[in-house]
Number of protein chains: 2
Amino acid sequence: MRKSVQTRLNILQKSFELIYVKGYQSTSIDDILSSMEVTKGAFFYHFKNKEEMGLALITDLLYPRMKHFLIEPLSSSADPIKSIYQMIANLLKDTEHFDVKYGCPAVNLIEEMSPLNTAFHKHLKDIVGEWTDAIEKCLLKGKENGKIGLMINPAEAAAYIVSGYAGVRNIGKMLGTPVYQSYLKQFKLYLNSLT
Amino acid sequence: MRKSVQTRLNILQKSFELIYVKGYQSTSIDDILSSMEVTKGAFFYHFKNKEEMGLALITDLLYPRMKHFLIEPLSSSADPIKSIYQMIANLLKDTEHFDVKYGCPAVNLIEEMSPLNTAFHKHLKDIVGEWTDAIEKCLLKGKENGKIGLMINPAEAAAYIVSGYAGVRNIGKMLGTPVYQSYLKQFKLYLNSLT
DNA sequence: CTCATAAGATACTAATTAGTATGTTTTCAA
DNA sequence: TTGAAAACATACTAATTAGTATCTTATGAG
């Protein structure tokens with residue numbers, strides 16, 4: 001019962017890699033299997049079909065990463081503007097999990113799968129929702145301790161910030177890292193206007 | 001030689017519709033054909049393969065629309081902030097060409113095809129590039145006639161604006177039209193900070 | 001140890017895919 | 001009017017797809 005957990009994880013991780021590059025629909029199960037030492041029998045033992053694997057990908061890999069990289073940095077924040085900027089800047093700097101060319105796995109999945117599959121839609125909506133809420137709460141706390149202007153609407157601002165991130169991951173696919181830099185500079189201007 | 005031009009256009013338009021909803025890769029040629037009164041012979045008479053059709057889709061449909069809806073409104077602009085805001089607001093209001101659930105056809109194609117196919121990448125890069133340039137020039141003209149602050153970097157701002165639009169189309173797929181409203185309000189705040 | 005079940009391997013299937021080969025019809029210039 | 005090319009139709013193919021049926025092997029509780 002030990003090894004099997006590992007093979008399941010291996011399948012998920014390899015799938016994650018391939019789907020990140022090629023997209024969910026055009027990454028075939030055979031693609032995944034032939035890229036690693038696992039057979040179809042193992043795959044369909046662990047997942048009843050491709051969709052279940054795709055959803056497991058979201059809950060078992062994407063969600064925990066989201067918590068770690070996008071929620072935690074905000075929860076213990078004294079200065080919302082600094083924290084939020086740093087969170088986004090760190091995301092865009094992270095070349096271990098991301099490649100400009102391929103954008104952001106979560107954003108990609110939203111783009112591709114959200115309109116096509118209600119289960120994907122639900123799972124991804126939860127992720128986006130949690131992130132947006134975390135930003136909103138962070139800004140709200142900022143209003144309380146005077147770091148954020150009283151006329152600022154935290155929910156609106158959070159939606160705007162999340163949108164901006166998703167967008168720069170998209171445009172980055174076309175124009176490369178320079179857009180990241182431009183975006184970050186203007187993003188800082190925007191954030192400062194929230195004081 | 002008259003009718004054939006129309007069938008070619010019909011194929012492109014129907015393809016555009018289906019690809020907008022399902023994505024390029026998972027819209028099969030058979031899907032397209034069975035959704036209209038055209039046979040495989042006609043399809044492959046007009047396009048040597050699926051890729052050529054996809055690229056024609058960009059140059060013959062997407063590009064002209066981009067010119068009309070995204071470039072023209074800016075070229076004759078006296079007040080950049082007003083024009084740019086109106087352009088984006090009108091885009092997000094347009095329910096004839098767009099559906100929140102399915103986002104923006106161009107953004108979708110970028111997300112899906114840009115990393116996968118160099119020809120798609122090039123075509124889409126041109127579109128994004130032209131739009132960004134148009135916004136940049138509009139802001140530059142604004143600097144000259146005093147509508148835009150002298151310390152503003154038009155190229156940076158343009159990249160930021162385009163990113164924001166792409167992003168809200170993505171997040172809109174998840175959270176629906178309310179994000180459009182939030183986004184527009186904060187976008188206006190940002191634009192006003194450019195004076 | 002041992003055997004029931006978990007975990008994985010192998011070989012298939014039916015459907016779908018892009019694309020082709022080859023046919024028929026339509027158009028329009030001479 | 002006519003005939004050559006343009007425009008389209010039909011019937012195929014080979015590859016790929018998700019998924020299944022049926023095996024074999026590994027594991028760990030008793």
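Labels below follow one simple rule: chain letters A, B, ... track the order of the sequence lines, proteins then strands, and each chain is numbered from 1.
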Q.
As a test of understanding, state which of Asp133(A), Leu140(A), Leu139(A) forms a side chain to side chain contact (heavy atoms under 4.5 Å, CB included) with Glu136(A).
A. Asp133(A)
**Q.** Whole angstrom value for the distance that separates P of dA26(D) from NZ of Lys3(A)
**A.** 9 Å
Q: Determine, for Phe16(B) and Arg65(B), whether the Lys NZ or Arg CZ falls below 6.0 Å from the six-membered ring centre while staying within 45 degrees of the axis.
A: yes
Q: Under 4.0 Å from any atom of DNA chain C, heavy atoms only: list the residues of residues 45-57 of chain A that qualify, in numerical order.
A: Tyr45(A), His46(A)
Q. Rounded to whole angstrom units, what separation is found between the CZ atom of Phe44(B) and the P atom of dT13(D)?
A. 17 Å
(Q) What is the distance, to the nearest angstrom, from the CZ atom on Phe43(B) to the C1' atom on dA6(D)? (A) 19 Å
(Q) So if I take residues 8-34 of chain A and measure heavy-atom distances to DNA chain C, which residues fall below 4.0 Å? (A) none
**Q.** Interatomic distance, Leu109(B) atom CG to Phe120(B) atom CZ [nearest 0.5 angstrom]
**A.** 6.5 Å
**Q.** Separation of atom CE in Met36(B) from atom P in dC8(D), rounded to whole Å
**A.** 11 Å
**Q.** Main-chain N/O of Val179(B) paired to Ser182(B) side chain as donor or acceptor, under 3.5 Å
**A.** no
Q) Taking NZ, NE, NH1 and NH2 as the nitrogens, is one of them in Arg169(B) or Glu111(A) under 4.0 Å from a carboxylate oxygen of the other? A) no
Q: Output the single nucleotide from dG8(C), dA18(C), dC8(D) whose closest atom is nearest the side chain of Ser4(A).
A: dG8(C)
(Q) Donor-acceptor pair, distance only, cut-off 3.5 Å: does the side chain of Asn170(B) make one with the backbone of Gly167(B)? (A) no
Q) Taking the six-membered ring for Trp, are Phe47(B) and Phe43(B) parallel (under 30°), tilted (30 to 60°) or perpendicular (over 60°)? A) tilted
Q: Kindly indicate whether a cation-pi arrangement holds for Lys50(A) with Tyr24(A), taking the cut-offs as under 6.0 Å to the six-membered ring centre and within 45° of the axis.
A: yes
